[in-house]
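Keep in mind that what you see is a predicted model, and the values were worked out from it rather than measured. Numbers restart at 1 for each chain; the letters A, B, ... are given by sequence-line order, proteins then strands.
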Protein chains: 2
Amino acid sequence: MAKPSEPKRKKRNGGTTTSRMRDVARKAGVSVMTVSRALNDPDKVSKEMRLKVRAVVDEIGYVPNRLARSLSSNRSNLLGLIVPSIRNSLFAETIKGISDVASGNGYRLMIADSGPGLHEEEEAITAFLQQRVAGLVLHNTSHTANAIEMIGKAGIPVVENGNLTSTPLDSVVSYSNYEAARAMTLHLARMGYKQIAFVSLVRRENDRARERLRGYLAALKELGRKPDDALILERPPGFSAGAEAVMHLVESVPQVDAIFFAGDVLAVGAALECQRRGWKVPGRVALASFDDLDILRHVNPPLTTIRLPRYEIGRRSAECLLDRIAGRATERVSLDLKFEIIQRESA
Amino acid sequence: MAKPSEPKRKKRNGGTTTSRMRDVARKAGVSVMTVSRALNDPDKVSKEMRLKVRAVVDEIGYVPNRLARSLSSNRSNLLGLIVPSIRNSLFAETIKGISDVASGNGYRLMIADSGPGLHEEEEAITAFLQQRVAGLVLHNTSHTANAIEMIGKAGIPVVENGNLTSTPLDSVVSYSNYEAARAMTLHLARMGYKQIAFVSLVRRENDRARERLRGYLAALKELGRKPDDALILERPPGFSAGAEAVMHLVESVPQVDAIFFAGDVLAVGAALECQRRGWKVPGRVALASFDDLDILRHVNPPLTTIRLPRYEIGRRSAECLLDRIAGRATERVSLDLKFEIIQRESA
DNA sequence: TTGTAGGCGTTATCAC
DNA sequence: GTGATAACGCCTACAA
């Protein structure tokens with residue numbers, strides 16, 4: 001009797017045919033399982049076997065199929081990351097941190113840009129769950145009800161890292177936007193500034209900006225000062241908006257003596273605008289920023305700001321995720337990576 | 001005789017059990033194929049079927065498994081992108097372009113940061129091929145022999161987009177670094193500058209930087225000028241390096257009257273340094289940059305530079321890839337998206 | 001329009 | 001240490 005014949009391959013791949021483990025096995029004269037073990041668990045096969053398999057793999061240029069592996073083992077090596085804007089260089093640091101840890105551990109990173117909207121975040125989450133990512137990093141700390149439910153059902157670990165929220169989905173690795181903004185406001189007050197303005201990105205659908213405003217208001221309250229609506233602005237991202245904001249404030253509220261730009265590159269735009277107009281900083285108006293973009297050190301005068309451990313946040317987020325995935329950790333983590341006020345010459 | 005009994009699921013997923021198409025099928029009282037069709041090819045089932053299936057899907061929160069789909073259909077919805085530095089905001093624009101097109105067409109983006117090294121790029125390529133990406137976007141235009149061979153064997157479309165190379169692996173969507181640098185050098189000469197210095201990133205393992213130098217040298221030759229080694233520098237990325245370079249040049253070659261910074265944010269660092277020292281730009285020395293970073297418009301004076309269609313490059317790269325994947329296009333593409341000299345006040 | 005059979009390339013499991 | 005077998009969840013091909 002003939003052995004059950006080899007099933008023919010279903011289709012061709014446009015001429016090129018990718019080799020399978022079976023091809024390696026046949027050529028090496030061993031079983032498929034031995035090849036699998038030689039590749040993934042070398043200690044479980046004899047040295048001689050290992051070498052033989054390796055040789056064949058190299059010879060025919062076999063590239064393992066992770067889709068099949070993941071499907072069979074029910075374990076993927078994919079991490080999903082969703083950021084509000086991939087363009088924003090602030091996130092780039094964090095992405096790099098995640099990417100380094102991921103690739104260092106054999107994981108691959110899928111990145112989605114959700115824009116500011118919660119609904120688009122949900123779509124990205126759906127897509128990632130379909131790919132069966134092993135874990136998820138979200139920058140947002142607010143999500144649609146649907147997104148929350150889906151993540152819960154999927155049973156995968158999640159790290160949020162845009163804000164040290166007290167109500168995380170799962171784990172958080174971040175810093176407190178509230179505390180940072182509060183600290184900077186108090187710092188400016190301590191430096192003697194009386195009329196401190198606050199400019200952030202548009203707060204709608206941006207929990208970070210809202211938290212920062214909350215911190216600013218809390219500081220004012222502690223200082224016994226009344227918030228002044230004319231001193232609280234929101235602007236789109238970009239240098240121009242910062243430039244425009246400083247002009248607007250100095251002209252419409254002449255007594256303003258310090259402006260705290262709580263987001264994006266607004267402060268840089270403002271600083272360059274002051275320079276252009278010959279407004280002394282901090283003589284005419286003091287400037288402070290959020291985040292420690294490299295350029296803040298290089299403008300004239302260097303800008304006082306808040307240093308955030310962006311890379312570290314990425315690194316720790318990924319580590320936290322991998323620990324959970326590998327079962328090395330089972331508990332939720334809430335990690336505050338802190339911030340630091342960098343006093344320079346602009347305030 | 002009993003029907004062959006349902007195979008038990010191989011393992012459990014830590015308590016949570018993800019539902020399968022089979023679960024949907026059973027609950028809807030139809031076959032698995034009907035569910036598959038209702039989801040992926042709705043036109044092929046009756047309206048009533050479609051609704052019934054949808055209802056069950058929503059009810060039990062079924063999330064399709066793309067790993068299984070890809071494995072079975074031999075078609076993945078993954079695109080791989082490899083950039084030298086994810087931190088670099090220049091790439092961010094391109095990434096966004098790719099990301100927009102990809103997600104708009106149901107594709108997901110995997111991003112790897114290869115660093116400057118070719119060998120790391122090869123590793124990333126290997127990893128992506130294992131995930132069975134449907135296509136690849138590479139920023140580099142030079143690769144290890146191994147990488148080239150693997151890509152060839154995989155038979156997937158590739159777009160390179162860091163430089164309009166004449167020897168692409170497959171398709172190219174980019175601009176000519178050579179022509180851009182040449183054009184800027186000629187432009188500076190036309191403006192009357194006699195001693196034009198050239199500063200780029202470190203050229204080893206960076207084909208873009210090498211092409212730019214080639215363009216600069218070609219322009220000098222056309223102008224009948226001899227290149228002067230003292231006027232040709234390479235520097236690491238960053239503002240500080242630009243600041244240092246301008247100081248170095250002005251002091252070591254006092255007759256220099258223009259500096260062409262062909263990379264990164266070097267020109268910005270230089271401009272801010274000149275300002276700090278009170279050197280007139282372009283009075284003492286003219287400055288020109290490469291790439292149209294937003295900030296170039298905002299420093300004082302605004303910097304003359306080269307505008308590159310970064311986002312467009314990403315968009316077109318992805319479109320090109322998808323066309324090939326879908327079989328809408330079969331020919332290699334070589335697309336020159338051009339550049340544009342932006343004359344501002346610094347030169 | 002719907003269903004059945006079998007395969008995609010790998011790993012888990014158990015036998016030898 | 002090595003191999004045979006079934007299963008992972010879905011899709012292709014074909015039959016009804």
Side-chain angles (χ1 to χ4, degrees), chain A residues 3-13 17-26 28-53 57 60 62-77 129-132 154, chain B residues 3-13 17-26 28-53 57 60 62-77 129-132 154:
Chain A
K3 270 180 78 170
S5 72
E6 282 278 315
K8 284 278 184 248
R9 303 186 79 169
K10 231 195 293 190
K11 46 241 137 178
R12 274 162 290 178
N13 188 3
T17 306
T18 317
S19 54
R20 303 153 293 176
M21 232 179 220
R22 184 184 304 167
D23 303 321
V24 177
R26 186 161 24 228
V30 299
S31 78
V32 178
M33 269 318 295
T34 300
V35 176
S36 175
R37 280 192 276 252
L39 259 28
N40 305 311
D41 217 343
D43 295 339
K44 290 202 167 178
V45 301
S46 66
K47 186 174 177 185
E48 138 188 302
M49 200 84 281
R50 208 156 46 220
L51 294 175
K52 181 157 53 173
V53 170
V57 165
I60 69 178
Y62 166 68
V63 178
N65 185 330
R66 298 236 34 144
L67 296 176
R69 189 214 241 265
S70 296
L71 179 62
S72 179
S73 65
N74 194 28
R75 208 154 357 99
S76 95
N77 67 331
L129 293 181
Q130 294 187 174
Q131 308 286 352
R132 296 298 190 264
Chain B
K3 270 180 78 170
S5 73
E6 282 277 316
K8 285 280 184 248
R9 303 185 79 170
K10 234 195 290 191
K11 47 242 137 178
R12 275 162 292 179
N13 187 3
T17 306
T18 317
S19 55
R20 301 154 292 177
M21 233 179 220
R22 184 184 304 167
D23 303 322
V24 177
R26 187 163 22 229
V30 298
S31 78
V32 177
M33 267 320 295
T34 301
V35 177
S36 174
R37 281 192 276 252
L39 260 29
N40 304 313
D41 218 343
D43 295 338
K44 291 202 165 177
V45 300
S46 65
K47 186 173 178 184
E48 138 187 302
M49 199 82 283
R50 208 157 44 220
L51 295 175
K52 181 155 56 171
V53 171
V57 165
I60 70 178
Y62 167 67
V63 178
N65 185 332
R66 293 234 40 138
L67 296 177
R69 190 216 238 266
S70 297
L71 179 61
S72 178
S73 66
N74 195 27
R75 203 152 3 97
S76 95
N77 67 332
L129 293 181
Q130 294 186 176
Q131 308 285 351
R132 295 297 189 264

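- Rounded to whole Å, the distance from CG on A/Leu71 to C1' on C/dC8 is 9 Å.
- When the nucleotides C/dT10, D/dC11, C/dT2 are ranked by their closest atom to the side chain of B/Ser73, D/dC11 comes out on top.
- Residue B/Arg22 contributes atom CZ, which lies 15 Å from atom C1' of C/dG3 at whole-angstrom precision.
- In this structure, of C/dT2, C/dC8, D/dG3, it is C/dT2 that holds the atom nearest to the side chain of B/Ser46.
- The side chain of B/Ser72 contributes no N or O atom lying less than 4.0 Å from OP1 or OP2 of D/dT12.
- Atom pair A/Asp43:CG and D/dT2:P shows a separation of 13 Å (rounding to whole Å applied).
- B/Arg50 places a side-chain N or O within donor-acceptor distance of the main-chain N or O of B/Pro42, the cut-off being under 3.5 Å.
- Counting only heavy atoms from C-beta outward, the side chains of A/Asn77 and A/Arg69 never approach each other to under 4.5 Å.
- Rounded to an integer number of Å, the gap from A/Asp23 CG to C/dG9 P is 9 Å.
- Put simply, the side chain of B/Asp41 never gets that close to the backbone of B/Asp43: no donor and acceptor are under 3.5 Å apart.
- Of the candidate nucleotides C/dT2, C/dG9, C/dT11, C/dG9 has the atom nearest to the side chain of A/Asn65.
- Each of B/Val32 and A/Arg69 was assigned the nucleotide of DNA chain C with the nearest heavy atom; the assignment lying further toward the 5' end belongs to B/Val32.
- Among the nucleotides C/dT13, D/dT12, C/dA12, the one closest to any side-chain atom of A/Arg37 is C/dT13.
- Applying the side-chain hydrogen bond (donor to acceptor under 3.5 Å, both in side chains) test to B/Ser46 and every residue at least two apart in sequence or in another chain returns nothing.
- Distance, B/Lys47 NZ to C/dT1 C1': 16 Å, rounded to whole Å.
- Not one side-chain nitrogen or oxygen of B/Thr34 sits closer than 4.0 Å to the OP1 or OP2 atom of C/dT2.
- B/Ala154 and B/Leu129 get closest at one heavy-atom pair: CB-CD2, 3.8 Å.
- When all heavy atoms of B/Ser76 and B/Ser70 are compared, the pair lying nearest together is CA-OG, 3.5 Å.
- Here D/dA4 is the nucleotide among D/dA4, D/dC11, C/dT1 with the atom lying nearest to any side-chain atom of A/Ser31.
- Considering only the side chain of A/Met21, C/dT10 comes nearest among C/dT10, C/dT2, C/dC8.
- Atom-to-atom, CG of B/Leu39 to P of D/dG9 comes out at 16 Å; the value is rounded to the nearest Å.
- Of the candidates D/dT2, C/dG9, C/dG3, the closest approach to any side-chain atom of A/Ala68 belongs to C/dG9.
- As a whole-Å value, the separation of B/Leu67 CG from C/dT11 C1' is 14 Å.
- Look at A/Arg20 and you'll find a side-chain N or O under 4.0 angstrom from OP1 or OP2 of C/dG9.
- Nearest nucleotide to the B/Arg75 side chain, out of D/dT12, C/dG9, C/dT11: D/dT12.
- To the nearest angstrom, P of C/dG9 lies 17 Å from CE of A/Met33.
- Considering only side-chain N and O atoms, B/Asn74 lies nowhere under 4.0 angstrom from the phosphate OP1 or OP2 of D/dT12.
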